[in-house]
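The structure under discussion appears below in the form of C-alpha cells.
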Amino acid sequence: MVSGSEQSVAADVGAVRAIVEGVDDPELPHVTIGDLGMVRDVEVLPDGRVIATLTPTYSGCPATEQIRDDVAAALDAAGLDARVEFVLSPPWTTDWITPSGHSKLRAAGIAPPHTAGAGHETRIDLPVACPRCNSRRTRRLGDFGSTACKAPFVCESCREPFELFKAL
Amino acid sequence: MPATMPAETSTEPPDSDGTGALLTYVLRQGDRSMVLAQRLLENLAHSPELEEDMALANVALDLIGQSRLLYTYAGQVEAGGNAEGGSAADPSSQPHDEDHYAYWRPDTAFTNPLLVEQPNGDFAHLITRQFLHDAFAAPYWQAMTASTDNTLAAIAAKAVKETAYHLRHSRGWVVRLGDGTEESHRRMQVAVESLWRFTDELFEHDDVEDRLVRQGVAADPATLAAAWRDTVTSALAEATLDQPSDAHMRSGGRYGRHSEAFSYLIGEMQSVARAHPGASW
C-alpha cells in the first residue's frame, strides 16, 4: 500500500491503480482485490479526481460494501479525491484471479479454482489437490463453505480440512 | 444497509405504459428471490448437519443479492431512469432504494409466486421447495442473459452461474433422500405431493409478461416450462419418486394474494426497519 503524501494528487494512473489493487479482501485477508481480478478500471481525471471501477464477485457477497469503503479510504489516505463504482457486466469470473492470487490462496490453505471457461458449467466435481500436501485423495464435505465462493473439503492423506475456491 | 424513512406504497397494478410493466416484472423477480431467501434464513441452525446450514445460508445470500440488484433496478425504473425510456413517473423525486421495496411495502404488495413463501416443514419439504424453484431459476436466468434490457441481462449473467450451484445442491438432496431410506423416501414423496400444486404458477403469464416477452425483455414462460419439466422429471425418476398429477394448481401470488403464513414472514422481516426508521447499521 502506498502511504499518503500530498504530491500523490498528481500521481499517475499506474500508482493509483496499485493503491486500489492493494486493498485486502475483507473475507479473504490474505489476498487483495487486485489478486481477485475485481479492479476493472482506474481513471485519473484531468482535475486529479479518481474513479475506481470494481466488479462484485457474487451477487450476495456481503463484503461488497466493505470493499467500496476500504478502497475509498485507501485513496483518501493517499490524498486523492476518489469515487468508487461497481459494474455488473461483464460478470466477474474466478478466471480473473491472477497467478499470484492462486499462489496466495494455496499458501493460505485454500485450493485455487479450476478454470470456469465460457460455459456456465459448475466444475466442482473435478479432482482437487490438497493445498497442503498436494495429494489428490481429497473428499468434498459440502457444496458451500464459510463463504458462497468456497466448498469444504478434507484431505484423506494428511487429514487436514481445507476449502476449495469454486470455479464461477 | 440503512433503512429508509417510511413511505408506504403498494405496487401499482400493471398499467398500459412500458415503465409500469417493466417495474411490475422486475419486482416479481425480486420478490421471488427475497421471499425464498427469507424462508431459508428462518431455518438457519435447524438443518440436519452443519454443512447444510452453511450451504443454505449461502444460497440465501445469493438470492438476497439477486433481489437487491433487482430492487435497485426497480427504483431506477420507477423513477423513470431506465435505459429503455418510458416517461418518468415523478422526475422530481429520488429513486426508491432497495430497502424501500423490502421493508416498506405491505405483504399484499409482494408479487412472488406462492411456492417460495410456503412455510418450512421438515427438511424434505424445504429442499423440495428449493429444488422446484431452482429448476425454474436455472433456465430462467439462462434465458435472461439474452434479454434486450441491458441491466436485466447483466444481473442474469451473474445469477445464472450462482443458480447452477444452487440447483446442483438441491437436486443432489432430492435424489439422495428420495432414493434413500424408506422414511426419507416417504417424506420426500409427501413433500413433492404437497408442493406440486404451486409449480404451475411459476410459468403463468399475463399482459405484463407477454408484452415484455415480445420486446425481448422477459424470458418466454412456455420455453421455461419445458426446461423445468425436463429437469424435474429426470430428478424425480432418479430419486424413485412419483410425479404428481397437475390437478388443482394454485396461483395468485403475483397479484398479492398470499397465504396467512406469508404475513408473519413479511412482518418479521420488516420489524427492525419499521421499529427504527432511518437507522443504519
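Bear in mind the structure is a predicted one, so any value in this text is a computation, not a measurement. The sequence lines fix the lettering, A, B, ..., with proteins before strands; numbering per chain opens at 1.
- Proximity to chain B is limited to the backbone of Thr57(A), based on heavy atoms less than 4.5 angstrom apart.
- Counting only N and O atoms by type, the side chains of Tyr73(B) and Asp149(B) include a donor and acceptor under 3.5 Å apart.
- Looking at Leu63(B), neither its backbone nor its side chain comes within 4.5 Å of chain A, counting heavy atoms on both sides.
- A salt bridge does not link Arg68(A) to Glu65(A): none of the charged side-chain nitrogens sits closer than 4.0 Å to a carboxylate oxygen.
- A salt bridge links Arg105(B) with Asp31(B): the closest approach of a Lys/Arg side-chain nitrogen to an acidic carboxylate oxygen falls below 4.0 angstrom.
- For Leu61(B), the parts lying under 4.5 angstrom from a heavy atom of chain A are both the backbone and the side chain.
- Residue pairs meeting the ring-ring contact (aromatic ring centres under 6.0 Å, His included) criterion with at least one member in residues 30-72 of chain B, sequence neighbours excluded, are Tyr71(B)-Tyr101(B).
- Under the side chain to side chain donor-acceptor pair (under 3.5 Å) criterion, Arg83(A) pairs with Glu85(A), sequence neighbours left out.
- When Gly145(A), Ser146(A), Ser89(A), Pro62(A) are compared by the number of non-hydrogen pairs under 4.5 Å with chain B, Gly145(A) comes out ahead.
- The most heavy-atom pairs under 4.5 Å with chain A, out of Ala154(B), Ser67(B), Gly172(B), Ala55(B), come from Ala55(B).
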